[in-house]
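Here is the structure we will look at.
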Amino acid sequence: MVVLRAGMCPGLDEDLVRDLRAADVKTVEDLVSCNLEELAQRCSVSYKALFAVRRVLLAQHSAFPVSGADLYEELLSSTAILSTGNPSLDKLLDSGLYTGEITELSGGPGSGKSQVCFGVAVHVSQQLKQNVIYVDTTGGFTASRLLQMLQTETSDKEEQMAALQRIRVFRVFDVFSLLDCLFGLCSDGLQQASVGGGSVKAVIVDSVSAVVAPLLGGKHNEGMSLMSQVAGVLRTMAKDFNVAALVTNYVTRSSSGELQPGLGVSWSHIPRTRILLERLEEGTTAASSAAATADVSRSSLRSATLIKSSRQPCLIREEFDLQWWSRSKDQKTSGLKRKREEDSDS
Amino acid sequence: MSESGAQVLARTEARRCLTDIEPRLFPGNGGPDHGEVVEVCGPERTGKTELLYHLLCRCVLPKSAGGLEVDVMFVDTDYSLDMFRLVSIIDSRLTRALSPSAGSDEEVLRSCLSRLLVVHCSSSSQLLLTLHFLENSFSSRPGLALLLIDSISAFYWLDRCEGGASFSKQEEKLSKCSELLGRLLRDYRITVFATCHAIRRIHSGLSSSSFSSSDSDRPYLCRSWQHLVTHRLLCSRQASTAGGSKEQRMRQIFTVHCSSSTGTKAHRISSFHVTDGGVDFT
């Protein structure tokens with residue numbers, strides 16, 4: 001809704017706004033939808049002038065169609081794929097998080113959602129040297145864990161600090177502060193969050209459900225509306241500023257006992273890619289051999305299932321180790337080698 | 001309002017009729033005629049957007065590749081259009097249909113993509129203004145025969161809340177859009193496909209009973225929109241067999257139930273699976 005104000009466009013002066021208001025035309029939508037001939041008579045202004053005003057307002061406030069060919073060219077040059085730093089997750093995501101899209105991680109408590117977010121933040125900031133916005137809604141953000149992950153990447157203190165500098169953390173604990181924070185970031189074009197000229201490539205919200213879920217249920221018009229607003233601002237942010245949005249969500253059980261992401265069906269259309277994280281139980285077939293060899297890291301084994309994607313077949317499943325991000329480089333290569341051997345064995 | 005000769009021609013000249021857009025979806029020969037609206041509904045991950053890509057490809061592909069060679073307007077309110085996915089579908093259809101000798105692929109692909117116009121909307125008032133604005137495109141491009149809206153229900157909850165306690169106020173925006181769309185359809189005789197998300201969870205335990213399905217698929221958008229709709233495509237996904245082989249999982253089957261209300265009521269059920277090259281009917 002855009003209220004008509006004097007000076008919005010040439011020809012729309014205070015007298016005309018007053019006359020239009022008297023004729024019950026208060027917004028741009030009203031003006032655009034009404035019968036101009038009748039309106040011109042009622043307000044005793046020239047039809048031509050009114051038509052010109054309508055045309056300018058329409059051009060100002062409507063979205064502009066772009067040719068598919070141009071859009072594709074633009075996307076080819078602007079889209080980046082951010083590796084998560086974890087080969088198994090990258091495989092599920094078709095090589096990483098795509099900018100311009102919302103990717104969702106869902107899982108129960110202790111399924112490793114936040115740890116994956118930390119790992120992604122560290123990887124994007126340290127390896128890809130890009131800025132990251134981390135919106136923490138649960139108070140679960142721990143800088144010391146990030147530093148721990150960074151220490152395995154590099155022993156250079158300054159590099160570690162530079163990487164931490166590139167991760168900008170916002171703490172918000174209700175939906176209004178979240179919206180405030182996201183709209184604020186959008187309105188200044190993510191400027192304040194980018195340190196030292198680099199651009200922001202990833203926005204992480206851990207978790208969306210923590211602030212949205214309490215609003216749902218009952219006569220839930222308002223809660224649903226706030227949820228749509230969060231979704232809307234995340235989508236525009238991802239597209240307009242070309243950043244990858246990563247959000248986390250909790251899980252519920254359906255009546256048949258199947259795990260499914262929370263926040264209901266209206267939210268389910270929002271993320272373009274959804275991944276379900278689960279803790280691996282002991283004795284599950286493929287995991288048992290890995291768990292036996294590395295007894296200590298048994299608890300850090302997780303499975304990730306792709307449950308929605310526009311690029312990959314759904315329901316593909318990968319197993320991975322949360323400790324991955326805190327391993328040194330040679331451990332990673334040897335781990336990768338071992339994994340390859342396991343894959344070729346099976 | 002004055003019109004130029006070209007505009008009159010664009011408006012009155014017969015646009016390409018899209019009754020044959022996908023014969024495997026609609027009952028009999030009853031594809032959507034000029035000015036008809038098809039609603040594609042269903043919950044998440046039931047192939048709605050994939051189905052739109054299929055129709056889109058069919059329209060923009062050159063005649064030599066089995067396409068209709070008409071222009072398409074895509075109104076993206078969900079920000080769901082995945083250009084890369086679309087291009088890979090077009091690409092695979094082109095390579096399947098054309099021999100490699102027939103011109104450079106890049107050029108054909110570009111000409112396909114230039115038949116597509118994309119517009120993003122982020123609120124229902126913007127959607128209304130944009131539809132008004134698009135009248136220019138409809139009047140200046142006689143080749144534009146299809147309007148896709150993904151999705152028409154995107155702003156449902158925002159409008160519900162913004163409208164306060166008054167029910168008519170809540171539905172005002174979409175009603176206005178529908179009325180405008182109705183007029184545009186009459187004047188320019190384009191065909192519309194619009195997706196509509198489910199807002200209630202389908203209880204999988206009761207999936208077989210007709211009661212639960214009628215409850216969860218009940219149209220909930222405003223009346224003036226329902227009046228426009230002449231065909232409904234209800235998408236669903238066949239329950240995945242847990243523990244099935246990788247092959248089976250890849251070939252997950254989606255079902256579309258089509259009901260048309262033009263003249264005689266007719267139904268048709270078709271199913272497809274999604275491959276790298278897009279929708280594949282079985």
Side-chain angles (χ1 to χ4, degrees), chain A residues 1-2 27-29 32-33 36-37 51 54 57-59 61-73 75-76 79 98 100-102 220-229 232-233 235-236 238-239 254-256 258 264-266 268-270 272 274 307-308 310-311 313-316, chain B residues 1 43-45 49-50 60 72-74 78-80 82-87 110-123 125-126 128-134 137 151 154-158 160-162 173 176 179-180 197-201 203-205 240 246 249-250 252 274:
Chain A
M1 195 171 73
V2 191
T27 61
V28 176
E29 292 94 272
V32 161
S33 323
L36 282 189
E37 274 174 51
F51 185 74
R54 177 188 189 269
L57 285 177
L58 206 50
H61 294 281
S62 69
F64 199 77
V66 210
S67 145
D70 297 344
L71 190 65
Y72 181 57
E73 295 278 297
L75 281 176
L76 272 186
T79 303
Y98 280 59
E101 298 188 356
I102 301 178
H220 49 213
N221 270 5
E222 196 176 22
M224 296 302 263
S225 158
L226 287 165
M227 184 169 82
S228 306
Q229 287 181 45
V233 65
R235 277 198 296 227
T236 34
K239 186 184 150 285
S254 68
S255 47
S256 54
E258 209 180 323
V265 280
S266 292
S268 68
H269 306 287
I270 308 301
R272 196 177 290 175
R274 311 184 95 180
I307 49 176
K308 178 180 178 178
S310 59
R311 281 181 290 272
C314 286
L315 300 177
I316 39 176
Chain B
M1 219 184 281
E44 172 215 14
R45 211 157 67 74
T49 303
E50 203 61 40
V60 299
V72 180
M73 176 75 72
F74 194 107
D78 272 340
Y79 289 53
S80 63
D82 185 342
M83 233 18 213
F84 297 117
R85 173 71 183 146
L86 182 65
V87 167
R110 235 198 109 77
S111 76
C112 285
L113 286 177
S114 57
R115 280 186 209 110
L116 167 69
L117 286 170
V118 183
V119 60
H120 289 95
C121 289
S122 56
S123 71
S125 31
Q126 199 184 24
L128 178 64
L129 294 176
T130 304
L131 285 175
H132 273 290
F133 187 69
L134 290 184
S137 309
S151 68
F155 311 119
Y156 177 77
W157 291 112
L158 291 175
R160 271 261 170 280
C161 189
E162 242 173 56
K173 297 259 182 57
K176 275 192 182 167
E179 281 159 23
L180 171 63
H197 297 314
I199 53 165
R200 291 178 198 84
R201 178 93 62 197
H203 298 289
S204 48
S240 55
K246 209 172 179 181
R249 268 181 277 149
M250 301 250 198
Q252 185 154 56
V274 176

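Chain letters run A, B, ... following the sequence lines, proteins first, then strands; residues in each count from 1.
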Practice problem: Look up atom OG in B:S122 and atom NZ in A:K239, then write down how far apart they are to the nearest 0.5 Å. | Solution: 9.0 Å

Exercise. Report the residues that fulfil ring pair (Phe, Tyr, Trp, His ring centres under 6.0 Å) with A:Y72, sequence neighbours left out, ordered by chain and then residue number.
Key: none

Exercise. Would you name the heavy atoms of A:S33 and B:K176 that are closest together and state the gap between them?
Key: OG-CD, 4.1 Å

Quiz item: With chain A, which of B:S151, B:S114, B:A154 has the greatest number of heavy-atom pairs at distances under 4.5 Å?
Solution: B:S114

Exercise. Would you mind checking which part of A:A59 comes under 4.5 Å of any heavy atom in chain B, side chain (CB onward), backbone (N, CA, C, O), both or neither?
Key: both

Quiz item: Can you find a pair of side-chain heavy atoms, one from A:V32 and one from B:L128, that are under 4.5 Å apart?
Solution: no

Self-check item: Proximal component of B:V87, with respect to chain A [non-hydrogen, under 4.5 Å]
Solution: side chain

Quiz item: After noting the C-alpha distance and the side-chain angles of A:E29 and B:K173, does the key distance pass the salt bridge (Lys or Arg N to Asp or Glu O under 4.0 Å) rule?
Solution: CA-CA 9 Å; A:E29 292 94 272; B:K173 297 259 182 57; 5.2 Å; no

Practice problem: Below 4.5 Å from any heavy atom of chain B, which atoms of A:T79 appear? Answer side chain, backbone, both or neither. | Solution: side chain

Self-check item: Region of B:R110 in contact with chain A, defined by heavy-atom distances below 4.5 Å
Solution: both

Self-check item: All ring pair (Phe, Tyr, Trp, His ring centres under 6.0 Å) counterparts of B:Y79, not counting sequence neighbours
Solution: B:H120

Quiz item: Checking side-chain contact (heavy atoms from CB on, under 4.5 Å) for the pair B:E44/A:R274: CA distance, chi angles, key distance, verdict?
Solution: CA-CA 11 Å; B:E44 172 215 14; A:R274 311 184 95 180; 3.1 Å; yes

Quiz prompt | A:R272, part contacting chain B, at a heavy-atom distance under 4.5 Å | solution = side chain

Quiz item: What is the distance from atom CE of A:M224 to atom CG of B:L158, rounded to the nearest 0.5 Å?
Solution: 10.5 Å

Quiz item: Taking every heavy-atom pair that is under 4.5 Å apart, which of B:R85, B:M83, B:H197 has the most such pairs with chain A?
Solution: B:H197

Quiz prompt | Heavy-atom side-chain contact between B:L134 and A:P65 under 4.5 Å | solution = yes

Exercise. Kindly determine whether B:D82 and A:Y98 satisfy side-chain contact (heavy atoms from CB on, under 4.5 Å), including the steps that lead there.
Key: CA-CA 11 Å; B:D82 185 342; A:Y98 280 59; over 6 Å; no

Self-check item: Interface residue of largest heavy-atom contact number with chain B, from A:L76, A:L71, A:L57, under 4.5 Å
Solution: A:L71

Quiz item: Is a side-chain donor or acceptor of B:R160 paired with a backbone partner of A:S225 at a separation under 3.5 angstrom?
Solution: no

Practice problem: Count the heavy-atom pairs under 4.5 Å between each of B:T49, B:D78, B:V60 and chain A, then report the option with the highest count. | Solution: B:D78

Quiz item: B:F133 and A:A63: which non-hydrogen atoms are nearest, and at how many Å?
Solution: CD2-O, 4.0 Å

